[in-house]
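These notes are about the structure you will find just below.
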Amino acid sequence: MKSPLVFTSGLRRFAWLPIVTGLICIGLGIWCLCSPMDSLVIFAYVFAGCLCAAGLINVSLALGNASVGWSWGWTLALGILEGICGIWLFTLPAPVVTTAFIFFIGIWIIVAAINALCESFVLSAHSVAWTVFSVLLLLATIVLAFMFITNPITGGVAVWLWIGLSLIFFGAYRLGFGIRMQQYARAIDHKYS
């Protein structure tokens with residue numbers, strides 16, 4: 001086990017990454033709710049770009065946390081998968097990318113939310129309130145994404161509601177997780193200084 005000061009240095013150094021991904025997800029969720037069908041192709045390509053960026057961020061986070069003793073393997077695997085899927089979406093022609101995007105985003109949200117559940121349990125020993133809040137947000141995210149996947153085409157406008165809310169809930173979790181990482185780093189600093 002690394003020393004607590006090395007651990008907090010890693011927390012402080014990478015706490016901005018979940019905050020950025022959270023803000024991106026919230027922004028995409030709001031955009032999805034505001035202009036559902038008008039910008040489907042644009043939204044698909046923006047999502048592919050964000051997926052590539054999230055993949056790079058997750059790989060950076062995983063490699064950075066490998067030196068401070070966190071369980072980083074799932075984050076690395078998710079980052080690699082996000083990068084590959086983002087590049088794959090960019091290679092599809094426009095009519096196909098929209099259809100693939102509709103199914104892909106629902107599956108991605110579920111996988112990312114399950115990974116985030118594991119992240120939230122890492123900090124569960126330090127804050128019960130955080131664990132309850134994050135688990136509720138992530139379970140709501142999974143339920144909304146599952147509702148989207150089970151009936152994507154006939155759902156009409158409801159599809160965009162489910163996907164927009166899923167992205168907003170997941171983004172809120174990521175934002176809270178980044179803030180909680182910073183608070184936890186400060187608490188360890190106070191304890192060992």
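Checked against side-chain contact (heavy atoms from CB on, under 4.5 Å), V132 has the following partners two or more places apart in sequence or in another chain: V128, L136. With sequence neighbours excluded, the residues that form a side-chain contact (heavy atoms from CB on, under 4.5 Å) with I168 are I30, L33. Under the side-chain contact (heavy atoms from CB on, under 4.5 Å) criterion, I24 pairs with V20, L28, C50, sequence neighbours left out.
In this structure, F177 has its ring center closer than 6.0 angstrom to the ring center of Y173.
For the pair F170 and T141, the tightest heavy-atom approach, listed with the atom from each and the gap, is N-OG1, 3.5 Å. Summarising the geometry of I142 relative to I110, their closest heavy-atom pair is O-CG1, 4.3 Å, with the distance given to 0.1 Å. A pairwise comparison of heavy atoms in G171 and C25 identifies CA-CB, 3.7 Å as the closest pair. Heavy atoms only, all atoms of each residue included: E82 and L51 are closest at O-CG, 3.4 Å. When every heavy atom of G83 is checked against every heavy atom of C52, the shortest pair comes out as O-SG, 4.1 Å.
At least one side-chain heavy atom of L78 sits less than 4.5 Å from a side-chain heavy atom of V111. Looking at W31 and V46, their side chains come closer than 4.5 Å, going by heavy atoms from C-beta outward.
Cluster membership for L23 and L56, using ILVMFWY side-chain heavy atoms within less than 4.5 angstrom, is not shared. A continuous path of Ile, Leu, Val, Met, Phe, Trp and Tyr side chains, each step under 4.5 Å between heavy atoms, connects L167 with I114, placing both in one hydrophobic cluster. Note on I87 and V97: separate hydrophobic clusters, where clusters join Ile, Leu, Val, Met, Phe, Trp and Tyr whose side-chain heavy atoms are under 4.5 Å apart, directly or indirectly. A single hydrophobic cluster is seen to contain both F169 and I107, as judged by linkage of ILVMFWY side chains at heavy-atom distances under 4.5 Å, directly or through other members. Both Y45 and V96 are members of a single hydrophobic cluster when ILVMFWY side chains are connected at heavy-atom separations under 4.5 Å.
To the nearest 0.5 Å, atoms CG (L137) and CZ (R174) are separated by 12.5 Å. Remark: L81 CG to L76 CG distance equals 11.0 Å, nearest 0.5 Å. Between the CD1 atom in I84 and the CG atom in L89 there is a gap of 12.5 Å [rounded to 0.5 Å].
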